[in-house]
Amino acid sequence: MHVQLPDGSSKEVPDNATVADVAASIGKRLAKDAIAGKVNGKIVDVYAPVPAGARIEIVTPKSADGLDTIRHSTAHLMAMAVQELFPGTQVTIGPVIENGFFYDFGTERPFADEDLRRIEEKMQEIVKRDLPIRREEWSRDEAVDLFDKLGEKFKVEIIRDIPGDQVLSIYRQGEWFDLCRGPHVPSTGRLGAFKLLSVAGAYWRGDERNAMLQRIYGTAWADQKELDEHLKRIEEARARDHRKLGKELELIYFSHFAPAMPIFLPKGTVIYNELIDFVRAFYRRDGYSEVVTPLIWDTELFKISGHYDNYRDNMFFSHIDEREYGVKPMNCPGHTQIFAMERRSYRDLPIRIADFARLHRYERSGVTHGLARVRSFAQDDAHLFVTPEQIGPEIDRELRLIKEMYDVFGFTDVRFALSTRPEKRVGTDAMWDEAEAALEKALKKNGIDYTINPGEGAFYGPKLEFQVTDAIGRPWQLATVQLDYALPERFQLSYVGADNSEHRPVMIHRAILGSLERFIGIIIEHFAGAFPLWLAPVQVAVLPVSEKFLDYGDEVGREMQRAGLRVQVDRSNEKLGAKIRTAQLEKIPFMLVVGEKEAQNRTVALRKRSGGDQGSMTIEEVVVEARRLIDSRSLTL
RNA sequence: GCCGUUGUAGCUCAGCUGGUAGAGCAGCUGAUUCGUAAUCAGCAGGUCACCGGUUCGAAUCCGGUCAACGGCUCCA
């Protein structure tokens, strides 16, 4: 019979040929590399028979399908090792995830980190046994019996949920087997480049009312080299961690007295304020009005807005004078009061109210994370009060603004998602239909590809969410644009239209950097702490070669300061090399070395963080160069 | 909130099976006056997160609380 290969050619093979046979007929090397196959696009084991005329693809370790297969098989390998080492442990599921896999086990005794080492050793031992991995097909009822007898109650539950007539596959390696769709590598000897990374609790079926299982995470690759490279990437990510860098660079601090509420130290505050200035410049240009509003409001406000019913568990409260106040978790309820304070005309719209106020949300302990998930934060928040006709144009403006602002940080790869109505929500279905349609229309109009997150919207309206990818490829959610018909309704907001009658405005909630805290966390990691000049907490370090030149160094420092640069003079009794090292570790962009020559000629020797000695120049020249980089918000030095 | 781990000097960490703490860096003092990633010497610095228990004796063992970390659930 004939089969078709990916290059379009066709190949003659025996009638009962398997994927492995096809691979062998193409070449020895390929036969050795084959770990799975694709028959008419469907991934199968290498010993799966191929039908006549089928399109056949040989899956090798380095392909995406190959890696998935290796990771899946490694998950099985781990499950086998665990059950050999800890009899009585129950198996559940073990899927492939990005860069690796996990497997959830039901066990009385949680795994300790030392157990991981033992499990890894056992896995390597099973690899050496080179057990063939073979598929068997079972009826559903037989499979239930099989696992029931073993006391594998989680597996039984999984199988019971599968439709009755379906044939199930079980993969067997040596004495051990597991229910699995497959495919798998042909034998355990094909595995080996793996490492177990961590153990964690995880709920059965992801529901916190269910039993807590023990999850082991691991990573697996085609070969040792790729594994080593991956482990190195993990190390690099760790070195960039904003919590580590935030501490080392003295940007932020956390006090036990304010858990999950970041304290911005002087250097961190420079970044915080620079970002606000950056955003304000756009606000001035684009017609936003900034306001300053209270942090606590009478609970009545939140009862009207719906936060009391829908968001109370995430709020802080305060009682005084027999009155209950809520610490605001969002600015929107307050902003409705600004809109409502006077009679509004359609001629006033759109009204764009911006606010950098601190917000407080109670986050359950255990969910907070550095600057990324906190209990106290500020957003570059604004609420747009618009007529229905203005929705489209306003969202267009926001989409453009988002791109413009993200470009400055080098976030060019932006992904879009539309989050639709959640179960817990306010407003009528008709409102939700309209709001979701409006956002979708804006995306389509701008030719933007997007995904839909069903049920992920805010309780008052659907959301557009914007995800960027940082310097090392990690995704982060930043901006959000939310359309809201509900709050204007609840607060009975209105404006007088051209027809001289009352109309309900629509609110658009939007933040572009999102939470400033989270954004700062992201850019710390994105830039690995080496900020562009405009954001650098200290922009210039003056380094006198010895004490004799301290006076001239101070003078240079004053000049820089007068030019509006953030400067620090290193007056320590250290040698130049040590001063450079210190400045370099602090990631200060410009170092100005001053010694005999410079003091005489009234110059400085510029050394950049990025590229060593730049030679002598006048103070004025340095200032001009620095200003140029700052004003253009240059990403390079 | 749940599962697991961790908490020793400002920072990074050592402290074996219980016998009342140690290094490097940072800090201070002195010497040195130095040219592109660490000059040398001395000094000082700790209720071993907190509360309670076991013990003749606890940083070490046990329990609780708090916080942080890896996940889960939740979520901006």
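These figures come from a predicted structure and were not determined experimentally. Chain identifiers are assigned alphabetically (A, B, ...) following the order of the sequence lines, protein sequences preceding nucleic acid strands; residue numbering begins at 1 within each chain.
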Specify the closest pair of heavy atoms between A:V567 and A:V538, including all atoms of both residues, with the distance to one decimal.
C-CG1, 4.4 Å
Is [X] touching bases, backbone alone, or none of the nucleic acid, heavy atoms closer than 4.0 Å?
X      : result
A:G612 : nothing
A:A260 : sugar-phosphate
A:S198 : sugar-phosphate
A:A458 : nothing
A:F257 : nothing
A:Q214 : sugar-phosphate
A:V594 : nothing
A:R607 : base
A:E465 : nothing
A:F549 : nothing
A:G514 : nothing

Roughly how many Å apart are [M] and [N], using the [atom1] atom of each and rounding to a whole number?
N      : M      : atom1 : result
B:rA59 : B:rG18 : C1'   : 10 Å
B:rG4  : B:rU73 : C1'   : 15 Å
B:rU39 : B:rG45 : C1'   : 24 Å
B:rC40 : B:rU32 : P     : 16 Å
B:rC16 : B:rU54 : C1'   : 22 Å
B:rC62 : B:rG7  : P     : 13 Å
B:rC43 : B:rC3  : P     : 50 Å
B:rC61 : B:rA14 : P     : 15 Å

Whole angstrom is fine here: how far is it from [atom1] in [X] over to [atom2] in [N]?
X      : N      : atom1 : atom2 : value
A:M261 : B:rC66 : CE    : P     : 15 Å
A:R238 : B:rA68 : CZ    : P     : 19 Å
A:M212 : B:rU73 : CE    : P     : 10 Å
A:E250 : B:rC25 : CD    : P     : 18 Å
A:R243 : B:rC11 : CZ    : P     : 17 Å
A:N210 : B:rC74 : CG    : P     : 12 Å
A:I97  : B:rC72 : CD1   : P     : 9 Å
A:R571 : B:rU33 : CZ    : P     : 18 Å

Ignoring hydrogens and geometry beyond distance, is the side chain of [X] in donor-acceptor contact with the base of [N] at under 3.5 Å?
X      : N      : result
A:R373 : B:rC74 : yes
A:N573 : B:rC34 : yes
A:R364 : B:rU73 : yes
A:Y203 : B:rG1  : yes
A:E598 : B:rG35 : yes

Need to verify one output field. Residue with the more 5' nearest nucleotide on RNA chain B, A:R581 or A:S255?
A:R581
Want to settle it: does A:K247 or A:A200 sit nearer the 5' end of RNA chain B, counting the closest nucleotide to each?
A:K247
Does [N] pair with anything, Watson-Crick or G-U wobble, both distances under 3.5 Å, and if so, with which nucleotide?
N      : value
B:rA9  : none
B:rC74 : none
B:rC69 : B:rG4
B:rA41 : B:rU29
B:rU60 : none

Are OP1 or OP2 of [N] and a side-chain N or O of [X] less than 4.0 angstrom apart?
X      : N      : answer
A:R609 : B:rU36 : no
A:Y362 : B:rG1  : yes
A:H369 : B:rA68 : no
A:Y253 : B:rG10 : no

Is any side-chain heavy atom of A:F409 less than 4.5 Å from a side-chain heavy atom of A:I522?
no
Name the orientation class of the two ring planes belonging to A:H230 and A:W221 (parallel below 30°, tilted from 30 to 60°, perpendicular beyond 60°).
tilted
Test the A:R215-A:F102 pair against the cation-pi criterion, namely NZ or CZ under 6.0 angstrom from the six-membered ring centroid and within 45° of the ring axis.
yes
Counting only heavy atoms from other residues, nucleotides and ligands, does the tally under 6.0 Å from [atom1] of [X] exceed 12?
X      : atom1 : answer
A:R415 : CZ    : no
A:K403 : NZ    : no
A:E98  : CD    : no
A:K195 : NZ    : no

Looking only at side-chain atoms of [X], point me to the closest of [options].
X      : options                : result
A:E547 : B:rG71, B:rU33, B:rU36 : B:rU33
A:H256 : B:rU36, B:rC72, B:rA67 : B:rA67
A:S546 : B:rC34, B:rG35, B:rA68 : B:rC34

Are A:E152 and A:Q83 close enough that a side-chain donor and a side-chain acceptor fall under 3.5 Å?
yes
Are A:H383 and A:N331 linked by a side-chain donor-acceptor pair shorter than 3.5 Å?
no
If you measure from CZ on A:R510 to OH on A:Y288, what distance do you get to the nearest 0.5 Å?
4.0 Å
Selection: residues 583-592 of chain A, any non-hydrogen atom under 4.0 Å of RNA chain B
A:Q584, A:L585
Could you point out which residue of A:F254, A:F377, A:Y272 forms a ring pair (Phe, Tyr, Trp, His ring centres under 6.0 Å) with A:F264?
A:Y272
